[in-house]
Participant: 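Input: one structure, supplied below.
Counting starts at 1 for both ligands and their atoms, in listed order.
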Amino acid sequence: MNSEKIVVYPGTFDPITNGHLDILRRGIDLFDRIVICIAANPAKAPMFPAAERLEMIQEALKEKGLNGQVKVETFDGLIVDYAQELGAIALIRGLRAVSDFEYEFQMALMNRHLNSHLHTVYLMPKDEYTYLSSSIIKNVARHGGDIKRFVPAGVERRLIAKYNNPEVE
Ligand code: ADP
């Protein structure tokens with residue numbers, strides 16, 4: 001039996017923030033290998049196409065020296081099936097405030113119903129990232145606010161470029 005503990009970190013990552021990276025670091029402390037799975041998630045009308053979200057994550061991993069244990073992929077479909085194909089034992093997710101809880105609870109129970117062998121592990125970020133989300137970052141960047149403390153350098157650069165382009169709304 002393979003004793004390597006692989007976990008999947010699924011999400012939209014539109015774009016990746018330091019909050020996502022905080023959860024990732026905690027996951028690295030606990031498991032052998034993490035696969036970040038980027039959900040296409042058209043229902044959320046993402047700002048960045050999945051391929052660009054993947055590029056931004058890879059740049060951030062390189063910048064932070066985390067690329068050894070972490071792989072990044074895009075996926076479309078049921079995360080439980082994808083996790084099983086990868087031989088993962090669990091999904092990791094971040095829990096910020098109580099407001100995350102209801103949705104996460106629903107997802108975790110549905111995923112358990114779909115695959116009872118796959119666990120969901122929740123990790124809490126450092127308190128300064130508790131109120132951080134990809135949406136709030138996009139809003140602040142849209143109005144020219146400083147987002148440096150909250151996102152990797154490549155993400156900041158791309159957001160500034162997007163909002164300086166008059167074709168972007
Ligand atoms: P999804 O659409 O699946 O919620 P997100 O990219 O918004 O995708 O979030 C992916 C995961 O990362 C979720 O578990 C979310 O709670 C977590 N997450 C997002 N931002 C933060 C943050 N600032 N701190 C901790 N966890 C976070």
Participant: Is L132 in polar range of ligand 1, meaning some N or O pair under 3.5 Å apart?
Facilitator: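 Yes, there is a polar N/O contact under 3.5 Å.
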
Participant: Out of S133, P125, G11, indicate the one that has the non-hydrogen atom closest to atom 24 (N) of ligand 1.
Facilitator: P125

Participant: Flag T12 as yes when one of its N or O atoms lies below 3.5 Å from any N or O atom of ligand 1, and as no otherwise.
Facilitator: yes

Participant: Checking T12 against N41: is there a side-chain donor and acceptor pair closer than 3.5 Å?
Facilitator: yes

Participant: At a non-hydrogen distance cut-off of under 4.0 Å, which region of R96 contacts ligand 1 (side chain, backbone, both, or neither)?
Facilitator: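 The answer is the side chain of R96.
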
Participant: Restricting to non-hydrogen atoms, name the atom on S133 and the atom on R96 that form the minimum distance, rounded to 0.1 Å.
Facilitator: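 It is CB-NH1, 3.4 Å.
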
Participant: Please state whether the rings of F13 and Y9 are parallel, tilted or perpendicular, taking 30° and 60° as the class boundaries.
Facilitator: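 Plane angle over 60°, so perpendicular.
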
Participant: Just to be sure I read this right, does ligand 1 sit under 4.0 Å from the backbone of M124, its side chain, both, or neither, counting only heavy atoms?
Facilitator: neither

Participant: Report yes if the side chains of F75 and I38 come closer than 4.5 Å at any heavy-atom pair, otherwise no.
Facilitator: no

Participant: D22 near ligand 1, heavy-atom distance under 4.0 Å?
Facilitator: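 Contact absent.
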
Participant: Please confirm whether Y9 approaches ligand 1 to less than 4.0 Å, judged on its heavy atoms.
Facilitator: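 It does, in that a heavy atom of Y9 comes within the 4.0 Å cut-off of ligand 1.
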
Participant: Is there a donor-acceptor pair under 3.5 Å between the side chain of D22 and the backbone N or O of N18?
Facilitator: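 Not confirmed, D22 side chain does not pair with N18 backbone.
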
Participant: Counting only N and O atoms by type, is there a donor-acceptor contact under 3.5 Å from the side chain of R142 to the main-chain atoms of L159?
Facilitator: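 It does not hold such a pair.
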
